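Contents: one structure, followed by commentary.
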Amino acid sequence: MLENIVSWDRENPSSFVYEDHRSRVLGRKDYGANLVVPIKGVAMKVYGGPRSFFCYQSLPGMIPLYFVIDGNTIHCSHSLFAMRELVGQRGLKIKDIMQCKEGVAYHFSAKGLRRYVVDTWDWHLHTAQPIDKAGDRLLELLVQAAEPLKGKKVLTLISGGTDGILTAYALKLAGVEQHCVCVGRTEEDFDPKFARKYAEQLGLSYEMLSLPESNEDLQELLEDALRAIEMADFSNVLMGMCNVMIAQWAKERGFEAVANADLADVILGNDILTTGSFNKKHEGQGTAKQWAEYRVNDQLRTLPTNLQIFKAFEFNDLPVYQLFGDREVIEFMLGLSMEVTPSKHIKPLYYEILNRVLPENSWGDTGKKVGYYTGSGIGSIRLENPVLKDANIRSTFQSICP
């Protein structure tokens with residue numbers, strides 16, 4: 001993570017390079033003038049040299065990176081709070097803070113600021129592939145995507161659904177040392193109940209982490225989460241609280257990385273708003289190509305959830321990885337047929353893989369997957385406890401935010 005704020009002055013230039021990879025990176029692109037960037041993977045780079053500066057993050061945009069120009073100087077950071085504090089000190093405005101877009105390099109020199117699109121999607125339709133063969137290939141790609149986590153002590157987040165346990169299964173096949181956790185109030189909450197079943201069926205190391213319920217503990221965790229994730233909408237705050245709690249627990253126990261699977265849903269466009277708007281636009285007759293393009297334009301870009309997850313763990317010095325962020329995984333899934341990756345709130349491709357090894361699951365006859373807040377129990381705590389009401393979240397955020 002960038003240490004607070006990195007600054008570069010074109011009148012008195014300094015030299016530095018910060019580069020971070022959160023997946024395999026399959027290529028680099030050289031534009032000359034030292035503008036060399038990693039592409040085809042989850043990565044970021046901030047460079048300062050004798051003549052120019054640039055900052056950049058790859059597609060699909062999972063790393064928070066902000067910059068602001070102050071005369072001859074450009075400042076860059078992962079932290080929005082640090083940037084807000086800086087602009088206040090420098091007499092600038094909040095609107096002067098820019099967020100790096102996915103796949104774009106921002107190049108600053110004597111010629112001013114220039115933008116270069118340096119990373120693009122490269123997917124191809126292979127819609128004739130039946131679901132069993134598609135499942136075989138996706139699992140193979142997920143195991144391949146685990147390469148950066150080999151040799152690390154990894155904490156894997158699982159719940160009562162498919163995404164986390166599919167990640168854990170691929171990590172197991174790849175030989176990665178991992179321990180799985182799920183958050184909940186009791187073992188009878190939906191997510192912990194099924195997470196334990198999955199772990200037992202796959203022979204994974206596992207435990208449930210209990211959510212705090214007292215006012216004092218909840219308020220402390222809320223404050224920690226708001227400082228880390230730097231946003232106040234209740235959806236990201238509740239998830240951020242769970243992630244920060246996990247990060248603090250993992251840091252104390254010496255874990256070196258976290259494996260998360262939020263992007264598994266995003267690639268599929270698997271939410272009511274995305275599928276609903278697509279189906280309405282195409283009157284239920286959309287093609288596989290149209291569905292892939294829609295997901296690229298609407299989902300596979302910088303989203304608040306991506307940034308919240310990165311910040312929650314990075315704030316606690318834990319790098320977070322997603323196997324589903326691997327470029328080959330994403331581009332393979334974009335090319336599949338509507339039968340395999342339908343514009344519906346279901347995941348037949350993931351079921352195809354997991355049904356082979358998890359006879360007791362939440363998406364079959366034994367039950368139905370529920371939302372994160374219901375499954376983990378934190379939504380119920382919000383209903384009962386004023387600490388998690390919007391009014392307290394907003395007032396606490398205002399007391400913390402610069």
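This structure is a prediction, so every number in the text was calculated from the model and none was measured.
Between the Asn306 side chain and the Thr302 main chain, no donor and acceptor come within less than 3.5 Å of each other. A distance-only check finds a donor-acceptor pair linking the side chain of Ser362 to the backbone of Gly160 [under 3.5 Å]. Not one N or O on the side chain of Gln308 forms a donor-acceptor pair closer than 3.5 Å with the backbone of Ile229. Counting only distance, with no hydrogens or angles, the side chain of Thr341 and the backbone of Met338 share no donor-acceptor pair below 3.5 Å. A distance-only check finds no donor-acceptor pair linking the side chain of Tyr198 to the backbone of Leu166 [under 3.5 Å]. Not a single donor-acceptor pair under 3.5 Å links the side chain of Trp121 to the backbone N or O of Glu331. Between the Glu230 side chain and the Leu80 main chain, a donor and an acceptor come within less than 3.5 Å of each other. Here the side chain of Asn316 pairs a donor or acceptor atom with the backbone of Ala312 at under 3.5 angstrom. Under the 3.5 Å distance criterion, the side-chain polar atoms of Asn392 are matched with a main-chain donor or acceptor of Val387. Here the side chain of Asn385 pairs no donor or acceptor atom with the backbone of Leu388 at under 3.5 angstrom.
Looking at every heavy atom in both residues, Pro38 comes nearest to Arg28 through CB-NH1, 4.0 Å. Between Leu211 and Cys242, the closest heavy-atom pair is CD2-SG, 3.9 Å. Contact record, Leu263 with Pro60: CD2-CG, 4.1 Å, taken as the closest heavy-atom pair. The nearest pair of heavy atoms linking Glu256 to Leu318 is C-CD2, 3.9 Å. Considering all non-hydrogen atoms of both residues, Gly49 and Pro13 come closest at O-CB, 3.5 Å. Contact record, Lys289 with Trp123: O-CH2, 4.0 Å, taken as the closest heavy-atom pair.
The shortest side-chain heavy-atom distance between Cys182 and Tyr206 falls under the 4.5 Å cut-off. The closest side-chain heavy-atom distance from Leu142 to Tyr169 is not below 4.5 Å. For the pair Lys347/Leu268, a side-chain contact is recorded, criterion being any heavy-atom separation below 4.5 Å from C-beta on. The side-chain heavy atoms of Lys311 and Asn243, taken from C-beta on, include no pair separated by under 4.5 Å. Residues Leu141 and Asp326 fail the side-chain proximity criterion, which asks for heavy atoms closer than 4.5 Å. Within the 4.5 Å cutoff, the side chain of Leu204 has heavy atoms near those of the Ile165 side chain. Using a 4.5 Å heavy-atom cutoff, the side chains of Trp8 and Tyr47 are not in contact. For the pair Ser337/Leu125, no side-chain contact is recorded, criterion being any heavy-atom separation below 4.5 Å from C-beta on.
Ring planes of Tyr116 and Tyr31: tilted class, angle from 30 to 60°. The aromatic rings of Tyr294 and Trp291 sit parallel, their planes meeting at an angle under 30°, below the 60° perpendicular limit. Ring orientation note: the planes of Phe67 and Tyr106 are tilted relative to one another, at an angle of 30° to 60°. Ring geometry, Phe397 versus Phe81: the interplanar angle falls from 30° to 60°, so the pair is classed tilted.
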(request) Would you check, one step at a time, whether the test side-chain contact (heavy atoms from CB on, under 4.5 Å) holds for Arg382 with Asp390? (result) CA-CA 9 Å; Arg382 171 179 160 86; Asp390 288 345; 3.0 Å; yes
(message) Evaluate Tyr56 against His107 for ring pair (Phe, Tyr, Trp, His ring centres under 6.0 Å), listing each step before the verdict.
(response) CA-CA 9 Å; Tyr56 156 83; His107 191 262; over 10 Å; no
(message) Before you tell me yes or no, could you show the steps for Thr167 and Gln178 under side-chain contact (heavy atoms from CB on, under 4.5 Å), namely the whole-Å CA-CA distance, both residues' side-chain angles and the distance that decides it to 0.1 Å?
(response) CA-CA 11 Å; Thr167 294; Gln178 67 174 323; over 6 Å; no
(message) Applying ring pair (Phe, Tyr, Trp, His ring centres under 6.0 Å) to Phe108 and Phe53, what does each step give before you reach the verdict?
(response) CA-CA 5 Å; Phe108 184 66; Phe53 164 98; 7.1 Å; no
(request) Evaluate the criterion side-chain contact (heavy atoms from CB on, under 4.5 Å) for residue pair Leu59 and Arg327; output intermediate values, then yes/no. (result) CA-CA 9 Å; Leu59 293 169; Arg327 181 59 60 92; 3.4 Å; yes
(request) Starting from the C-alpha separation in whole Å, work towards a yes-or-no answer on side-chain contact (heavy atoms from CB on, under 4.5 Å) for Phe313 and Leu155. (result) CA-CA 11 Å; Phe313 292 104; Leu155 188 73; 5.9 Å; no
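No side-chain donor from either of His345 and Thr275 sits under 3.5 Å from a side-chain acceptor of the other. Side-chain contact annotation: Asp271 with Thr274, donor-acceptor N/O pair under 3.5 Å present. Glu188 and Thr186 form no side-chain donor-acceptor contact under 3.5 Å, judged by distance and modelled atom types alone. A donor and an acceptor atom, one from each side chain of Asn279 and Ser343, are located under 3.5 Å apart. Side-chain polar atoms of Ser399 and Glu223 form no donor-acceptor pair below 3.5 angstrom.
Between the CG atom in Leu222 and the CG atom in Leu218 there is a gap of 8.5 Å [rounded to 0.5 Å]. The line from CZ of Phe310 to OH of Tyr321 is 10.0 Å long, rounded to the nearest 0.5 Å. Atom CD of Glu102 sits about 8.5 Å away from atom CG of Leu303, to the nearest 0.5 Å. In this structure, Ile158 CD1 and Arg196 CZ are separated by 9.5 Å, a value rounded to the nearest 0.5 Å. In this structure, Asp189 CG and Ser159 OG are separated by 12.5 Å, a value rounded to the nearest 0.5 Å. From His21, atom NE2 reaches atom OG of Ser58 across 8.5 Å, with rounding to the nearest 0.5 Å.
Other residues, nucleotides and ligands place more than 12 heavy atoms under 6.0 Å from the NZ atom of Lys153.
Annotation: cation-pi pair Lys281/Phe278 absent, no NZ/CZ under 6.0 Å from the ring centroid and within 45° of its normal.
Salt-bridge check for Arg90 with Asp96: failed, with every basic side-chain N at 4.0 Å or more from each acidic carboxylate O. We find that Arg137 and Glu140 are joined by a salt bridge, their nearest charged nitrogen and carboxylate oxygen being less than 4.0 Å apart. Using a 4.0 Å cut-off between charged side-chain N and carboxylate O, Arg356 and Asp132 make no salt bridge.
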